[in-house]
Amino acid sequence: MSGGTVIVGGGLAGAAAAIRLARGGAPVTLLEREEGPHDKICGEFLSTEACGYLDELGIDLDRLGAVKIDRVRLWHRHHHAETRLPFVARGLSRRILDARLLEEAARHGARVQEGVRVRGADADGVETSQGQIPADAVLLATGKHDLRGHPRARPATREGYVGFKMHFRLPARHVARADAIDLVLFDGGYAGLQRVAADIANLCLVISSDRLAAHGGEWDRLLAATLEEEGVARWLADAEPLFAKPLAIANLPYGYVCPADEPSGLWRLGDQAAMTASLTGDGMAIALRSARIAAETRLAAGSASDYHRAVREAAGTQVRRAMRLQRACETPPLRGAAMTVLRAFPSLLGLFAKTTRLPA
Ligand SMILES: Cc1cc2nc3c(=O)[nH]c(=O)nc-3n(C[C@H](O)[C@H](O)[C@H](O)COP(=O)(O)OP(=O)(O)OC[C@H]3O[C@@H](n4cnc5c(N)ncnc54)[C@H](O)[C@@H]3O)c2cc1C
């Protein structure tokens, strides 16, 4: 292992793999292009599986100020269905969580270099903004962003999606609000709203590019349309936006699952391995699971193909199920019928939440 393992990207997948490899005694370098804590597009809903993996990594969510979420409310055209989640989830800002994971990786002996952008990579090493670094294996954990020369194949039938995120400081009267996630379904997408700290809520939206065009491509108009739904308006009507403008990302390749034989010889982790429907709030669990499989495979001297086969097996079915659910929510007649059924039998919502989880 002359060059050791080089990990590109210090989000959940990269940091978690670095912790596990360093704990296993393997030399590991992690390169993250951003310097210091930063916000990321994400609904910040930590499913019970994600919480379990974070616990394995020594992350104490209570100490980081994560809030508990145990109810879900689904809204559509002023009607809603509400039920208890079949598990307790958590809400926590990625700015806090990702920084804590990188700190833990460094504490276990990983060489964490922030402010280093990787420009190219192959199985033997990476080219960075600060020179070349040789490696025995390169783990690609760049998340939603593809590294130049290594794009993910876009699922052919999917239209383009755009994601937005904005944090809001809640007025004092909402600080003790019930711990629920509000999901608002609208044509071509959905919005998720939940607390991520005692007085901060995260609003995250996913919308198809053509529906966004119908809002003039503008965040303000999209937000105004979202605020027409009571499930959002009652929390955000007089809340204070905390970013100068929303974080946004386009061309999300939902439904992508990496091939078993990755031609480049790189190991794809996290969103680079599989990209599930955000609506189900399990992308972070997949990222953390992929990190565990990658570290275990690497520590057992397995190959990139061994790893990709295992990660496809672990996440493929769940991604397909989640995508079917997302599609159904986007199809007006199905969505209307589903709302009618869910209002009559809200506990079915919990069942949907369960069936789109990663299998244990
Ligand atoms: C709109 C939306 C809402 C979502 N909501 C949820 C949710 O509520 N719950 C949930 O579980 N999942 C959710 N997800 C999914 C979740 O955000 C991802 O699955 C998860 O962040 C993947 O982690 P990752 O480590 O693969 O990537 P990321 O967390 O994106 O980390 C990638 C890292 O790589 C770095 N990087 C990128 N390029 C380079 C480079 N060239 N050189 C060096 N560093 C680089 C980036 O700066 C970043 O820090 C959502 C996704 C979207 C799009």
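Order of appearance sets the numbers: ligands from 1, and atoms from 1 within every ligand. For the numbers below, each heavy atom of this structure counts, side chains included, while hydrogens, waters and symmetry mates do not.
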Looking only at non-hydrogen atoms, which of Q113, R94, E32, K40 approaches atom 21 (O) of ligand 1 most closely?
-> R94
Heavy-atom proximity to atom 52 (C) of ligand 1, best of A17, S278, A287 = S278
Spatial distance of atom CD (Q194) from atom CH2 (W235) [nearest 0.5 Å] = 13.0 Å
Decide whether D282 and T276 meet the rule of one side-chain donor and one side-chain acceptor closer than 3.5 Å.
-> no
Under 3.5 Å, side chain of Q113 to main-chain N/O of L31, donor-acceptor pair present?
-> no
Classify the ring geometry between W219 and F164 as parallel (under 30°), tilted (30 to 60°) or perpendicular (over 60°).
-> tilted
shortest atom 31 (O) of ligand 1-to-protein heavy-atom contact is with G11 CA, 3.3 Å
Element-labelled atoms of ligand 1 that are located less than 4.0 Å from some non-hydrogen atom of I41 | 1 (C), 17 (O)
Does A13, backbone or side chain, put an N or O under 3.5 Å from an N or O of ligand 1?
-> yes
Does the side chain of Y256 come within less than 4.5 Å of R268's, by heavy atoms?
-> yes
Mark yes or no for whether E114, through its side chain, and G36, through its backbone, hold a donor-acceptor pair below 3.5 Å.
-> yes
Classify the contact between Y254 and ligand 1 as side chain, backbone, both or neither, using a heavy-atom distance cut-off of under 4.0 Å.
-> side chain
When you look at CZ of R117, are more than 12 heavy atoms from neighbouring residues, nucleotides or ligands closer to it than 6.0 Å?
-> no
Report yes if some N/O of R33 lies less than 3.5 Å from some N/O of ligand 1; otherwise report no.
-> yes
Could you tell me whether G283 and ligand 1 have an N or O pair separated by under 3.5 Å?
-> yes
Using distance alone, determine whether G43 and ligand 1 share an N or O pair under 3.5 Å.
-> yes
Would one find an N or O of L147, backbone or side chain, under 3.5 Å from an N or O of ligand 1?
-> no
Donor-acceptor pair, H108 side chain versus A22 backbone, under 3.5 Å?
-> no
Check the surroundings of atom CZ in R95: do more than 12 heavy atoms from other residues, nucleotides or ligands lie under 6.0 Å from it?
-> yes
Identity and distance of the protein heavy atom lying nearest atom 34 (O) of ligand 1 = G9 CA, 3.3 Å
Any side-chain heavy atom of L269 sitting closer than 4.5 Å to one from L140?
-> no
So which bit of V116 gets within less than 4.0 Å of ligand 1, heavy atoms only: side chain, backbone, both or neither?
-> backbone
Measure the distance from atom 19 (O) of ligand 1 to every protein heavy atom, then report the residue, atom name and distance (to 0.1 Å) of the closest one.
-> D271 OD1, 2.6 Å
Region of E34 engaging ligand 1 - heavy atom pairs below 4.0 Å = side chain
Counting heavy atoms under 4.0 Å, the part of D282 that contacts ligand 1 is backbone
Could you tell me whether R20 and E296 make a salt bridge, using a distance below 4.0 angstrom between a side-chain N and a carboxylate O?
-> no
Under 3.5 Å: N/O of F45 near N/O of ligand 1 | yes
Closest protein heavy atom (residue, atom, distance) for atom 13 (C) of ligand 1 | C42 SG, 3.7 Å
Taking only non-hydrogen atoms of G270 and a 4.0 Å limit, the atoms of ligand 1 in range are 26 (O)
Is the count of non-hydrogen atoms from other residues, nucleotides or ligands lying under 6.0 Å from R148 atom CZ greater than 12?
-> no
Any heavy atom of A50 under 4.0 Å from ligand 1? The part involved is neither
Donor-acceptor contact below 3.5 Å, side chain E229 vs main chain H78 | yes
For ligand 1, find out whether one of its N or O atoms is nearer than 3.5 Å to an N or O atom of Q272.
-> no
Judging by distance only, is a nitrogen or oxygen of V118 under 3.5 angstrom from one on ligand 1?
-> yes
At under 4.0 Å between heavy atoms, which part of L31 makes contact with ligand 1: side chain, backbone, both or neither?
-> backbone
Hey, is T142 touching ligand 1 through its side chain, its backbone, both or neither, going by heavy atoms under 4.0 Å?
-> both
Within-cut-off N or O pair, M284 and ligand 1, under 3.5 Å = yes
Residue, atom name and distance, where the atom is the protein heavy atom closest to atom 27 (O) of ligand 1 = G143 CA, 3.1 Å
